[in-house]
Visitor: 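One structure, as structure tokens, below. Some questions next.
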Amino acid sequence: MWFVRINMKDRTCKVEESPKAYHTLAGRGMTSTLVAEEVPPTCHPLGPNNKLVFSAGIVTGTSSPTSARISVGGKSPLTGGIKEANAGTSWGRDLGIMGIKALVVEGKPAEKDMAWGVYMTWKDGKPHAEFFDATQYKFKSLPGVFKEIYAKYGEDVSVCSVGPAGEYGYANSGIAFNDMKMRPSRYAGRGGLGAVMASKGLKFIILNKDGAPGVEIADKSLFDEGRKKMIDALREHAITKPKGGLNSYGTAVLINILNEAGGLPTKNFTSGRFEGAPKIAGEAIFDGNKKRLGKEVYNHACSPGCIIQCSNTWYKEDGTEHTSCIEYESDWAFGANCGIDDLDVIAELNELCNNYGLDTIETGTTIGVAMEAGVIAFGDGKGAINLVYEMGKGTPLGRIMGAGTETTGKAYGVSHVPTVKGQSMPAYEPRAVKGIGITYATTTMGADHTAGYTIAPEILGVMGKQDPLSPEGKAALSRAFQSTTAFIDSSGHCLFIAFAILDIPSGYQGMIDEANGVLGTKWTADDVIKYGNDVLKKERAFNEAAGIGPAADRLPEFVYTEPLPPHNQIFDVSDETLDSVFGEM
């Protein structure tokens, strides 16, 4: 296994064997460890001392299902703390196949007007990097750029890139990876890591895995046994099985579910229900495509080896592709949160974010705050599209909004701003789903549903249904989910395996068996929690050294004081309860 260090100051690449001390680290475990050890917590996120770390998961690059994930870590321009963003893409698989345990981008070039690409191949028994001038691609829309790159390097490579949003230095910029059709639609989206990559003068990292040896597996029979358990669980569970909820309706199947629960944040978090929800839900996407194409269209995989296959494509009336993928979060951010019930408008907003390199969640909540400020009216789809154009062009207004939801709220004097630690809250109302509110408050990442997805039991009944309106027991629930998630993010699996493995014990054991098979370890379920806790400790220590202590583990003031229709609930979780989540860790 290899450590690859790309120094952008002098454009050199150092390839060295991975230290034995990092044998069990991968994915989020690796990125957070290296950021904690090597990045000064008080450095400027866009300065020379920040680093960008890429790491595939423990089982990424193997035949394990739904495991082609890539973790990206660094200090966030949006939160000022540690950040791990995650995407499903062949790029992650290829990094694993090339035996690269961690790829670290460090340093900063003196030239401000140039951009560079790195083309990585397998040569003389180890990874090899070549630098090339990519200045011609700066500030260009990513779909056209990706087409040019694939035309030049062939269709078997995998591409990581940043768009204009990152090049403008937006705190709301992601890192784009290719999907299965070579589109720039898979994003490590949250926290502004696109700006970190662009600040290094780096436009592309292109991987060509030809000749690489693949992932070493210490115990093949144990790995195969775990893999079978995992596949069986995913194919059995109602949410993850073929033609099940996710494969049929995508993640946007949650629109109607959360709306019914009164937990779908609407018009900048002023209500839990949206009248237009049925028009934008996953079922509407499925039915709309069927009407426009004359046949049922089931979803596709975001990355190689995915058997859940929850990624959709929305088609125009003439049958041509409009955008992929309209995830639940994107659908909500541009839909209910902005009062927009037109799927064609939502698709256009989603596609513009893909083109520019913007995080759809932060973009939608930023537009919602701008609507609250009266810049445009709620429900104004054309106005929302124009605001994203402003961001793509880097105008003064676009730069303010590109800085994110909290900055936009300050610029317009808005007090109703749905952020935690500088990052906007996603598509679940914390007043209607108390456990996810605790996760928003206490995660190291700023408001982030993927850090501890208590929606599984609170809304979907996974592990047994829990009352979403009750705060009782939710601190322990959030803590358990955050610890387990930190391990899943390190394993290389998609977070959606959680639905199946939490309901089907053999699936959970399969995840452990796979990891043990690859690493040669003898982990148990207790070790999963310990591993996750160790990752969280490192992240919390970094944040505290950066000035983000326990006092920042709070939700915005309005959720404590403004009852949310239709249940007229506030977030009635005490500070003491929030402090207890990690108080004894």
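Heavy atoms only: backbone and side chains are in, while hydrogens, waters and symmetry mates are out.
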Visitor: I want to check something: taking the side chain as every heavy atom from C-beta on, are Y412 and V369 in contact at a cut-off of under 4.5 Å?
Guide: no

Visitor: Just by distance, do the side chain of T577 and the backbone of V573 share a donor-acceptor pair under 3.5 Å?
Guide: no

Visitor: Heavy-atom count around K465 NZ within 6.0 Å, excluding the residue itself: above 12?
Guide: yes

Visitor: Say whether, by atom type as modelled, one donor and one acceptor occur between the side chain of R69 and the main chain of G92 under 3.5 angstrom.
Guide: no

Visitor: Testing F571, W332, Y428 one by one against F269 for a ring pair (Phe, Tyr, Trp, His ring centres under 6.0 Å), which residue passes?
Guide: W332

Visitor: Between K474 and E458, does any side-chain N to carboxylate O distance fall below 4.0 Å?
Guide: yes

Visitor: Could you check if a side-chain atom of D448 sits within less than 4.5 angstrom of a side-chain atom of P426, using non-hydrogen atoms only?
Guide: no

Visitor: Return yes if some donor-acceptor pair links the side-chain N/O of T419 with the main-chain N/O of S424 below 3.5 Å, else return no.
Guide: no

Visitor: For the side chain of S67 and the backbone of T60, is there at least one donor-acceptor N/O pair under 3.5 Å apart?
Guide: no

Visitor: For residues F582 and R479, report the shortest heavy-atom separation together with the two atoms involved.
Guide: CE2-CG, 4.3 Å

Visitor: Is a salt bridge present between R554 and D575, judged by a nitrogen-to-oxygen distance below 4.0 Å?
Guide: yes

Visitor: So if I apply the salt bridge (charged side-chain N to carboxylate O under 4.0 Å, His left out) rule between D344 and each of K382, K316, R292, which one comes out positive?
Guide: R292

Visitor: Determine the minimum heavy-atom distance between N350 and C325, stating which atoms define it.
Guide: ND2-O, 3.4 Å

Visitor: Would you call V581 and I438 a side-chain contact if the rule is heavy atoms closer than 4.5 Å?
Guide: yes

Visitor: Please check if the side chain of N289 supplies one atom and the backbone of Y315 the other of a donor-acceptor pair under 3.5 Å.
Guide: yes

Visitor: Can you check side chain to side chain donor-acceptor pair (under 3.5 Å) on D318 and T320, steps first, answer last?
Guide: CA-CA 6 Å; D318 63 5; T320 59; 2.6 Å; yes

Visitor: Just by distance, do the side chain of N178 and the backbone of R183 share a donor-acceptor pair under 3.5 Å?
Guide: no

Visitor: A side-chain contact here means heavy atoms from C-beta on lying under 4.5 Å apart; do D342 and K279 qualify?
Guide: no

Visitor: One thing to verify: whether R190 and D359 come together as a salt bridge, which I'm taking to mean a side-chain N less than 4.0 angstrom from a carboxylate O.
Guide: yes

Visitor: Is a salt bridge present between K181 and E321, judged by a nitrogen-to-oxygen distance below 4.0 Å?
Guide: yes

Visitor: Keeping the roles fixed (side chain from S173, backbone from A195), state whether a donor-acceptor pair exists under 3.5 Å.
Guide: yes

Visitor: Any chance you could measure M463, atom CE, to I501, atom CD1, to the nearest 0.5 Å?
Guide: 10.0 Å

Visitor: Run the side chain to side chain donor-acceptor pair (under 3.5 Å) check on S185 and D179 step by step: do they pass?
Guide: CA-CA 6 Å; S185 69; D179 67 6; 2.8 Å; yes

Visitor: For the backbone of G364 and the side chain of N337, can you confirm whether one donor and one acceptor N or O come within less than 3.5 Å of each other?
Guide: yes

Visitor: If you round to the nearest 0.5 Å, how far is OG of S71 from NZ of K83?
Guide: 12.0 Å

Visitor: Answer whether the closest heavy-atom distance between the side chains of N299 and S248 falls below 4.5 Å.
Guide: no

Visitor: If the threshold is 4.0 Å, N to carboxylate O, is there a salt bridge linking K434 and D467?
Guide: no

Visitor: Considering only heavy atoms from C-beta outward, does the side chain of N247 approach that of K241 to under 4.5 Å?
Guide: no

Visitor: With a 4.5 Å heavy-atom cut-off, do F334 and E329 have their side chains touching?
Guide: no

Visitor: Does one side chain, of H322 or E351, offer a donor that lies under 3.5 Å from an acceptor on the other?
Guide: no

Visitor: Check each of T454, T439, T443 against S478 using the side chain to side chain donor-acceptor pair (under 3.5 Å) test, and report the only one that passes.
Guide: T439

Visitor: Taking all non-hydrogen atoms of both residues, which atom of A500 and which atom of A233 are closest, and how far apart?
Guide: CB-O, 3.6 Å

Visitor: Judged by modelled atom types alone, do T405 and T365 share a side-chain donor-acceptor pair under 3.5 Å?
Guide: yes

Visitor: Quick one, S90 with S158, criterion side chain to side chain donor-acceptor pair (under 3.5 Å). Give me CA distance, side-chain angles, the key distance, then yes/no.
Guide: CA-CA 6 Å; S90 65; S158 294; 2.7 Å; yes

Visitor: Would R186 and E327 count as a salt bridge (Lys or Arg N to Asp or Glu O under 4.0 Å) here? Give the steps.
Guide: CA-CA 11 Å; R186 310 313 310 178; E327 303 281 10; 3.2 Å; yes

Visitor: May I ask you to say whether K267 pairs ionically with D341, meaning some side-chain N is under 4.0 Å from a carboxylate O?
Guide: no

Visitor: Let me confirm one number: the CG-CD1 distance from N256 to I280, rounded to the nearest 0.5 Å.
Guide: 8.5 Å

Visitor: Do any N or O atoms from the side chain of Y187 and from the backbone of F177 form a donor-acceptor pair under 3.5 angstrom?
Guide: no

Visitor: Report yes if some heavy atom in the side chain of T79 is under 4.5 Å from a heavy atom in the side chain of M445; otherwise report no.
Guide: no

Visitor: Yes or no on side-chain contact (heavy atoms from CB on, under 4.5 Å) for E429 and V433, after CA distance, side-chain angles and deciding distance?
Guide: CA-CA 6 Å; E429 238 298 344; V433 192; 5.7 Å; no

Visitor: Mind running side chain to side chain donor-acceptor pair (under 3.5 Å) on E84 and N86 for me, showing each step along the way?
Guide: CA-CA 7 Å; E84 186 264 359; N86 194 293; 3.2 Å; yes

Visitor: To the nearest 0.5 Å, what is the distance between CE on M230 and CD1 on I504?
Guide: 10.5 Å

Visitor: Checking side-chain contact (heavy atoms from CB on, under 4.5 Å) for the pair T450/T485: CA distance, chi angles, key distance, verdict?
Guide: CA-CA 8 Å; T450 66; T485 298; 5.7 Å; no

Visitor: Has the side chain of T251 got a donor or acceptor atom that lies under 3.5 Å from a matching backbone atom of Y328?
Guide: yes

Visitor: Work out which heavy atom in S76 is nearest to a heavy atom in G191; give both atom names and the distance.
Guide: OG-O, 2.7 Å

Visitor: Applying side-chain contact (heavy atoms from CB on, under 4.5 Å) to I239 and V462, what does each step give before you reach the verdict?
Guide: CA-CA 10 Å; I239 296 175; V462 173; 4.2 Å; yes

Visitor: I'd like to know if E539 pairs up with K421 as an ion pair, taking the criterion as any Lys NZ or Arg NE/NH1/NH2 lying under 4.0 Å from an Asp or Glu carboxylate oxygen.
Guide: no

Visitor: May I ask you to decide if the ring planes of W91 and F54 are parallel, tilted or perpendicular, using 30° and 60° as cut-offs?
Guide: tilted

Visitor: Report the C-alpha separation of T240 and I307 in whole Å, then their side-chain angles, then the decisive distance to 0.1 Å, and conclude whether the side-chain contact (heavy atoms from CB on, under 4.5 Å) test is met.
Guide: CA-CA 8 Å; T240 58; I307 62 174; over 6 Å; no

Visitor: To the nearest 0.5 Å, how far apart are CD1 in I400 and CE in M391?
Guide: 11.5 Å

Visitor: Write down the atom of G189, the atom of A85, and the distance for their closest heavy-atom approach.
Guide: N-CB, 4.2 Å

Visitor: I need the minimum non-hydrogen distance between V162 and G194, along with the two atoms involved.
Guide: CG1-O, 3.4 Å

Visitor: When rounded to the nearest 0.5 angstrom, what distance separates CG in D331 from CG in L254?
Guide: 10.5 Å

Visitor: So, Y170 versus Y356, ring centres under 6.0 angstrom or not?
Guide: no

